[in-house]
**Student:** 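Encoded as structure tokens, here's the structure I'll be asking about.
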Amino acid sequence: MNTKLSIKRLFFWSSSALLTLFLMLWQVQANATIIGLESSAASLQQNQQFTIDLWARDLGTNVVSGFDMDIGFDNTAILFQSASFGSLLGDGFDSIQDVVNLGSVINLAELSFLFESDLFALQGGADFILGSLTFVANQTGTTQISIFDSMVTGADPFTTTFSGQANSLTFN
């Protein structure tokens, strides 16, 4: 009789722990930071220059201390021109920034040296631009720009990572 009671208690406590873990993970997902690409240009003419912005949205109380993104595109349809970084991970000596053009992939990365409190003072939970990429439309047609590999770090870049939904842009 005691064995059945102990098994029931064990089952109850283990299922309670699993439910608690599930609710904690669901809460983290509900507040997930979203990384996305946006452009004001929906339709382009040949030889027209345009900019794609890489946004961090829905930060809540989180901060972004670094990111490393691979952004893919069709380099026969659009040509990469330049990249720039936002200012909310610090300026000058506050961060390391890197852009690598691999033909049809741009690797865009930045790591901030600022403390979490400094980053929160800059970012304050607001949506902001991590960086911008400038392209030129090389030919007419439809093309796509996508984030296909991404990592975003939070307050402690060596232990806390979070990633959100990465999206694609399609131009006509």
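By convention here, the first residue in the shown sequence is residue 1. Remember, it's a predicted structure, so these values are computed and weren't measured experimentally.
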**Student:** Where does the angle between the aromatic ring planes of F135 and F73 fall among parallel (under 30°), tilted (30 to 60°) and perpendicular (over 60°)?
**Tutor:**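 Perpendicular.
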**Student:** Mind checking whether L130 and L89 have side chains closer than 4.5 Å, heavy atoms only?
**Tutor:**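 Touching, per the 4.5 Å side-chain cut-off.
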**Student:** Which heavy atom in L133 sits nearest to a heavy atom in A83, and how many Å separate them?
**Tutor:**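 What the structure gives for the nearest pair is CD2-CB, 3.6 Å.
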**Student:** Does I106 form a side-chain contact (heavy atoms from CB on, under 4.5 Å) with M69? I'd like the steps, not just the answer.
**Tutor:** CA-CA 8 Å; I106 301 297; M69 303 280 168; over 6 Å; no
**Student:** Quick one, N75 with F80, criterion side-chain contact (heavy atoms from CB on, under 4.5 Å). Give me CA distance, side-chain angles, the key distance, then yes/no.
**Tutor:** CA-CA 8 Å; N75 62 353; F80 175 69; over 6 Å; no
**Student:** Just verifying a value: how many Å separate W55 CH2 and L37 CG, rounded to the nearest 0.5 Å?
**Tutor:**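 Taking CH2 in W55 and CG in L37, the distance rounds to 12.5 Å.
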**Student:** Can you measure from CD1 (I35) to CE (M151) and round to the nearest 0.5 angstrom?
**Tutor:**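 Answer for the CD1-CE pair, I35 versus M151, is 11.5 Å.
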**Student:** Rounded to the nearest 0.5 Å, what's the gap from CZ on F85 to CD on Q97? Could you check?
**Tutor:**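 Atom-to-atom, F85:CZ and Q97:CD are 5.0 Å apart.
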**Student:** To the nearest 0.5 Å, what is the distance between CG (D53) and OG (S84)?
**Tutor:**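 Going from the CG atom of D53 to the OG atom of S84 covers 8.0 Å.
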**Student:** Which atom names give the shortest non-hydrogen contact between L108 and G131, and what distance separates them?
**Tutor:**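 Nearest heavy atoms, L108 then G131: CD2-CA, 4.4 Å.
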**Student:** I'd like to know if I52 and V136 are part of one continuous hydrophobic network [Ile/Leu/Val/Met/Phe/Trp/Tyr, side-chain heavy atoms within less than 4.5 Å].
**Tutor:**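 No, separate clusters.
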**Student:** Please tell me whether N107 and D68 have a donor and an acceptor in their side chains that are separated by less than 3.5 angstrom.
**Tutor:**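 A donor-acceptor contact under 3.5 Å links the two side chains.
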**Student:** What are the two closest heavy atoms between F50 and S39, and how far apart are they?
**Tutor:**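 Here F50 and S39 meet closest at CD1-OG, 4.4 Å.
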**Student:** Determine whether F128 and L122 satisfy the following criterion, side-chain contact (heavy atoms from CB on, under 4.5 Å), listing intermediate values before the conclusion.
**Tutor:** CA-CA 10 Å; F128 66 95; L122 288 171; over 6 Å; no
**Student:** Using atom types as modelled and distance alone, determine if a side-chain donor or acceptor of Q46 lies under 3.5 Å from a backbone N or O of N138.
**Tutor:**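 Checking the backbone N and O of N138 against the side chain of Q46, a donor-acceptor pair under 3.5 Å is found.
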**Student:** State, to 0.1 Å, how close T134 and Q49 come at their nearest heavy-atom pair, and which atoms those are.
**Tutor:**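 Shortest heavy-atom contact: CG2-NE2, 2.9 Å.
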**Student:** Nearest heavy-atom pair of Q123 and L88: which atoms, and what distance?
**Tutor:**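 Answer, listing the atom of Q123 first, then L88: NE2-O, 2.9 Å.
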**Student:** Check S112 against S95 and note the closest heavy-atom contact, atom names and distance.
**Tutor:**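 Minimum heavy-atom contact is CA-CB, 3.7 Å.
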**Student:** Please evaluate residues I78 and I145 with respect to the criterion side-chain contact (heavy atoms from CB on, under 4.5 Å), reporting the C-alpha separation (whole Å), side-chain torsions for both, the decisive distance (0.1 Å), and the verdict.
**Tutor:** CA-CA 10 Å; I78 57 176; I145 300 173; 3.6 Å; yes
**Student:** When you look at CZ of F113, are more than 12 heavy atoms from neighbouring residues, nucleotides or ligands closer to it than 6.0 Å?
**Tutor:**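 Above 12, so yes.
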**Student:** Report yes if the side chains of V64 and T153 come closer than 4.5 Å at any heavy-atom pair, otherwise no.
**Tutor:**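 Result no, sub-4.5 Å side-chain heavy-atom pair not found.
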**Student:** Between CG of L119 and CG of L114, what distance do you get to the nearest 0.5 Å?
**Tutor:**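 Result: 5.0 Å between the selected atoms.
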**Student:** Nearest 0.5 Å, please: how far is CG in D74 from OG in S104?
**Tutor:**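 The CG atom of D74 is 8.0 Å from OG of S104, to the nearest 0.5 Å.
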